[in-house]
Structures are given as C-alpha cells and as structure tokens.
Protein chains: 2
Amino acid sequence: MSSSPHNTPCELCASRKFSMMSGLTDTQICTISDHKNLISHRKGQILYYEGTKPLGIFCINSGVVKVYKTASNGKEQIVHLAQKGDFLGYAALLGEENYTNSAMIVEDAKICFIPKEAFLKTLMTNSEFFKRVTKELSHELGVMEEKLTDATQKSVRERLAYVLLHLASCYGVEGGESQKIDLILSREEIAGIVGTATESVIRLLSEFKKDDLIEFEGKKIIIKDKRGLARLSDFYA
Amino acid sequence: MSSSPHNTPCELCASRKFSMMSGLTDTQICTISDHKNLISHRKGQILYYEGTKPLGIFCINSGVVKVYKTASNGKEQIVHLAQKGDFLGYAALLGEENYTNSAMIVEDAKICFIPKEAFLKTLMTNSEFFKRVTKELSHELGVMEEKLTDATQKSVRERLAYVLLHLASCYGVEGGESQKIDLILSREEIAGIVGTATESVIRLLSEFKKDDLIEFEGKKIIIKDKRGLARLSDFYA
DNA sequence: AAAAATGACTGATTAATATCATAAAACATT
DNA sequence: AATGTTTTATGATATTAATCAGTCATTTTT
C-alpha cells in the first residue's frame with residue numbers, strides 16, 4: 001500500500017457519480033471528503049479479513065475487489081465483485097459486528113478509506129445519505145436471496161451461463177456482435193462466484209466454447225452468443 | 001383475516017421485547033402504535049406476494065411465517081422463518097422496490113400491519129430506531145451470505161443437520177436429554193429451507209432417526225443427539 | 001363409510017457434479 | 001534457455017442427490 005500524493009476531494013471524484021454519494025451536495029459530503037484517504041492497492045492485496053473489526057469503510061475509485069467468504073472446506077465463495085463507486089464494509093459497521101467476509105483486490109485499485117467516525121457522523125447528520133445506504137443494503141439483501149435461490153435450485157451450467165452474462169453487463173466492452181468481459185479472473189475465481197469446483201468451470205467453459213457461445217482472448221472471455229447463454233441460464237427457456 | 005377486537009398498544013405488547021422496538025421509550029413508538037392494526041392469520045394465508053408493491057411492514061406478535069422465493073422450476077426456497085418480534089417487509093420498503101419474496105403463515109399468527117407512512121415517519125424522526133433497523137438489515141445480509149456459502153459448499157446432509165440444530169435453537173423446547181422442535185413443517189418445507197428435493201429430506205431424516213440422532217413425535221422432530229448432528233453439520237469435525 | 005386427495009416414504013435409476021490423477025500450457029525465476 | 005511453479009485442461013471414477021415410479025398412511029371430502 002502506498003499513499004497517493006493526490007487525494008482528490010469527493011466533490012471532484014470521477015467515480016462519485018456511480019456511488020451512493022451521487023447527487024448529494026458538496027457540503028453534504030464534506031465530512032467524508034475531509035477525512036478520507038486514498039490508497040493504491042495491487043492485485044492480491046487484502047482490504048480486510050473476515051472476523052476482524054471494521055474501522056471504517058472503503059470507497060472504490062478504480063479497480064475491482066472480490067468480497068468472499070471462506071467455507072469450512074477451504075474454498076472461497078465470492079459473494080460480490082465490487083468496482084468503481086461501490087462502498088465496502090459498511091454492513092459490518094452498521095451491523096456493529098466484525099467483518100463477515102473478506103475483501104481482496106482482483107484488479108489494481110485506488111480505494112478511499114473513510115474512517116468509521118466520519119462515515120457515521122455523515123450518516124447521522126445527513127438523512128438523505130443514510131436513506132441511500134439503507135436502500136443499497138436492502139437491495140443487496142434481495143440480491144443475496146436471489147443468489148441463494150439460484151444456488152439451490154439451478155444447475156452449475158445454468159449458474160455459470162448467468163454469471164458470464166452478469167459479468168458482461170458489469171465489465172463488458174462492446175465489439176460489434178460480441179462483447180468482451182474486460183476483467184481477468186482465474187477459473188478458480190469464476191468457480192468461487194458460481195459456487196462450484198474449478199474443474200467444472202473449466203469443463204463447462206470448454207463446452208460453451210465448443211458450442212460457439214463464447215471464445216477466449218488471452219485470459220479474457222468474449223461472449224459470442226448472448227441469447228444462447230441466456231437460454232442456457234434459465235430453466236425452461 | 002379477521003380484525004381483532006383487542007389492539008394492544010405496542011407499549012404493552014408482549015412480543016415487543018423480542019423486536020427492534022425493545023428498549024425504545026413509549027413516546028418514541030407512539031406513531032407506530034397509533035397506526036398499527038392487529039390481524040389474525042391462519043396457516044396457509046399469504047401476507048404478501050413477490051413482485052407486489054409494499055404498503056407497510058408487518059410485525060409478528062405470535063405465530064410463524066415463512067419468507068420464500070419461488071424458483072423458475074416452481075420450487076420454494078425459504079429464505080427466512082420469522083416469529084414473534086420479527087419485522088417483515090421492511091427491506092422492500094427501504095429498498096424502494098417491490099417485494100423480492102413472498103410470505104406465508106406457517107403457524108396461526110397474530111400480526112400487526114404498520115402502514116408505510118407511519119413506519120417511515122418513525123424512522124426519520126427516531127434515529128435510534130433507524131439505526132436498529134439498519135443494524136438488523138446489515139446482520140441479515142451477513143446471514144444470507146453465510147447461507148449462500150453453505151448452499152454451494154456443503155452437502156445436503158450437512159445442511160439438513162445444521163437446519164435441524166438451528167430450528168431447535170429457535171423453536172426448541174427442552175425435555176431433559178432431548179429437545180423438541182415445537183413447530184410443524186412439512187417435509188417439503190424443510191426441503192425448501194435446506195434447498196434440496198423433498199425425497200432427499202425424507203431419506204436423510206430416516207437415516208438420522210436410524211442413527212439415533214433424532215426421533216419423531218407426531219409431526220414434530222425431537223433432537224436426541226445434538227453433538228452428533230453438530231458433527232454431521234460441519235465439514236471436518 | 002367410502003372415495004378421493006394429499007403427504008410421507010421407499011426403491012430403482014439416472015444425471016449431475018465432485019474428486020482424483022495426470023498432462024499440457026502458460027508464466028515466472030534464475 | 002533451463003527451471004520451477006501455477007494454471008488450465010482432460011480423463012476416469014466415485015459420489016451425491018435428483019428424478020421417476022409406486023406404495024402406504026393419513027386427512028379431507030363426499
């Protein structure tokens with residue numbers, strides 16, 4: 001970790017428009033802006049560990065972070081992939097408990113750390129912000145329930161197809177017919193998102209490639225047939 | 001549904017001490033108390049459907065409610081079993097979206113309906129209450145992430161063993177050595193909690209019974225060997 | 001009480017997926 | 001370039017759990 005010489009105020013931050021702070025007035029976010037601290041992180045670095053005490057929250061300026069839980073068999077279940085504008089660690093803070101998951105940098109990132117006090121003060125004095133955070137939290141809960149339902153009721157093939165489409169919608173860059181997922185994930189990480197064994201992901205990706213649904217460009221995946229994958233991702237479609 | 005003649009104010013409600021309203025002063029909850037409406041529900045009745053617009057929240061006075069999602073294959077995934085003191089439907093309200101799940105009465109219940117306006121007003125004017133709701137929401141998110149991890153990384157046997165222990169901790173009544181789960185759930189509902197097929201639950205319960213881990217008393221399950229089940233519920237124990 | 005419907009259970013079979021083993025490829029290090 | 005290391009890939013096998021089919025038991029309806 002190295003502290004950046006530049007510490008752009010939130011008011012001028014380019015990733016703000018993607019975040020829960022978009023639309024708030026400059027004065028409303030000044031407490032946060034004054035106390036935050038931008039830090040650069042390299043791939044593989046850990047933001048925080050499950051079980052430890054949260055001291056503040058993280059706001060992603062650039063890069064990608066995986067939020068995951070380590071199961072008792074040692075495998076990682078990735079519960080969320082966070083990118084620019086996303087806040088991390090606020091649930092543990094608001095839940096007044098230790099982190100229930102860990103966070104690791106997947107793609108080199110610039111991340112602001114906002115100390116607990118500054119964050120909570122802003123929440124308490126700015127009900128608009130508090131409402132947004134709560135709204136986000138509520139939404140995340142619904143998303144997680146959906147993931148749970150998919151995990152128990154859909155096959156690995158369906159889930160993988162869905163994950164690819166979802167990744168494309170979040171990290172996709174257009175290329176005519178096809179769409180490239182502009183994010184490098186290992187097969188093991190994809191398995192961690194889907195919730196399956198690495199070998200299963202490898203096999204299914206090969207199958208998808210054979211069926212002309214996807215192709216590979218270096219380590220990145222290109223979606224060639226969105227409709228085909230969508231069909232695969234649903235039960236009866 | 002029949003409106004109860006008695007509409008105990010929240011201040012005097014016996015289930016309050018289990019709820020997010022415990023510890024709040026009487027004046028703090030008066031807006032809610034003045035606007036709530038107690039209704040009796042019978043087993044099988046629906047509180048709300050996934051996809052519909054929330055008009056308020058529910059506070060359970062007695063009885064049990066299953067909160068579930070219907071998967072594309074038609075099966076139910078039960079995401080939560082709610083009992084006295086639990087609030088339902090607030091995530092949809094705070095997330096400003098339609099219900100992302102449905103709720104059905106599992107055991108005859110008395111439930112207060114608190115209109116959206118009264119609930120939101122109380123939240124906005126009582127930051128202590130707002131904090132509690134947010135705390136609960138954050139906690140639920142962590143719980144759901146844990147369930148997702150279990151669903152993808154643990155076997156059906158492990159999950160069922162865990163579910164039984166969890167049910168015992170929530171609905172258990174002591175009986176010397178053993179502990180009775182004082183709640184009638186169909187095999188299909190247990191399958192919906194675990195996230196598996198009904199037949200698998202039936203088979204595994206028979207197995208658990210054969211191994212003297214549990215026994216049946218009518219429709220209820222008695223935990224005979226808590227430690228044994230705990231051992232089964234973990235990966236390497 | 002008889003008939004129908006539902007829920008619990010059992011067995012057989014199939015399908016999906018994890019696991020184990022090993023090889024090839026890619027990448028990093030010296 | 002040679003080496004070690006990690007990641008990806010593939011094959012064989014084992015295991016788990018779903019599905020299908022059918023019986024028995026219990027409630028509900030007629």
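The chains referred to below are lettered A, B, ... by the order of the sequence lines, with proteins before strands, and numbering in each begins at 1. These values consider heavy atoms only, across backbone and side chains, with no hydrogens, waters or symmetry-generated copies.
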Please confirm whether the backbone N or O of B:Val194 pairs with a side-chain atom of B:Arg159, one donor and one acceptor, at under 3.5 Å? yes
Strictly below 4.0 Å, heavy-atom distances to any atom of DNA chain C: list the hits from residues 200-210 of chain B, or just say none.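 Residues of residues 200-210 of chain B under 4.0 Å from DNA chain C: B:Ile202, B:Arg203, B:Ser206.
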Please list residues of residues 185-195 of chain B whose heavy atoms come under 4.0 Å from any atom in DNA chain C, ordered by number; otherwise none.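 Hits under 4.0 Å, by residue number: B:Ser186, B:Arg187.
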In whole Å, I'd like the distance from the [atom1] atom of [X] to the [atom2] atom of [N].
X	N	atom1	atom2	result
A:Lys154	C:dA15	NZ	C1'	19 Å
A:Ile221	D:dT8	CD1	P	10 Å
B:Glu199	C:dA12	CD	C1'	13 Å
A:Arg159	C:dA16	CZ	P	14 Å
B:Phe216	D:dA25	CZ	C1'	15 Å
B:Asn73	D:dA18	CG	P	11 Å
B:Arg157	C:dA18	CZ	C1'	15 Å

Pair A:Lys69 + B:Glu145: basic N to acidic O under 4.0 Å: no
Side-chain N or O of A:Lys219 versus OP1/OP2 of C:dA25: is the shortest distance under 4.0 Å?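 So the side chain of A:Lys219 is outside the cut-off, no N or O lying under 4.0 Å from OP1 or OP2 of C:dA25.
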In sequence, state the C-alpha distance, the side-chain angles, and the governing distance for A:Thr198 and A:Glu188, and then conclude on side-chain hydrogen bond (donor to acceptor under 3.5 Å, both in side chains). CA-CA 5 Å; A:Thr198 306; A:Glu188 194 176 358; 5.0 Å; no
Tell me yes or no: between the side chains of A:Thr152 and B:Gln77, is some donor less than 3.5 Å from an acceptor? yes
Looking only at the side chains, is there a donor atom on one of A:Glu158 and A:Ser155 sitting less than 3.5 Å from an acceptor on the other? yes
For atom NE2 of A:His80, is the number of surrounding heavy atoms from other residues, nucleotides or ligands below 6.0 Å larger than 12? yes
Cation-pi check, A:Arg187 onto A:Phe216 ring (under 6.0 Å, within 45° of axis):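 The answer is yes, since A:Arg187 meets both limits relative to A:Phe216.
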Identify which one of B:Val201, B:Val163, B:Ile193 satisfies the side chain to side chain contact (heavy atoms under 4.5 Å, CB included) criterion when paired with B:Leu185.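 Result: among B:Val201, B:Val163, B:Ile193, B:Ile193 is the only option passing the side chain to side chain contact (heavy atoms under 4.5 Å, CB included) with B:Leu185.
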Can you find a heavy atom in the side chain of B:Phe113 that is under 4.5 Å from one in the side chain of B:Leu47?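 A side-chain contact is absent here, since even the closest heavy-atom pair is not under 4.5 Å.
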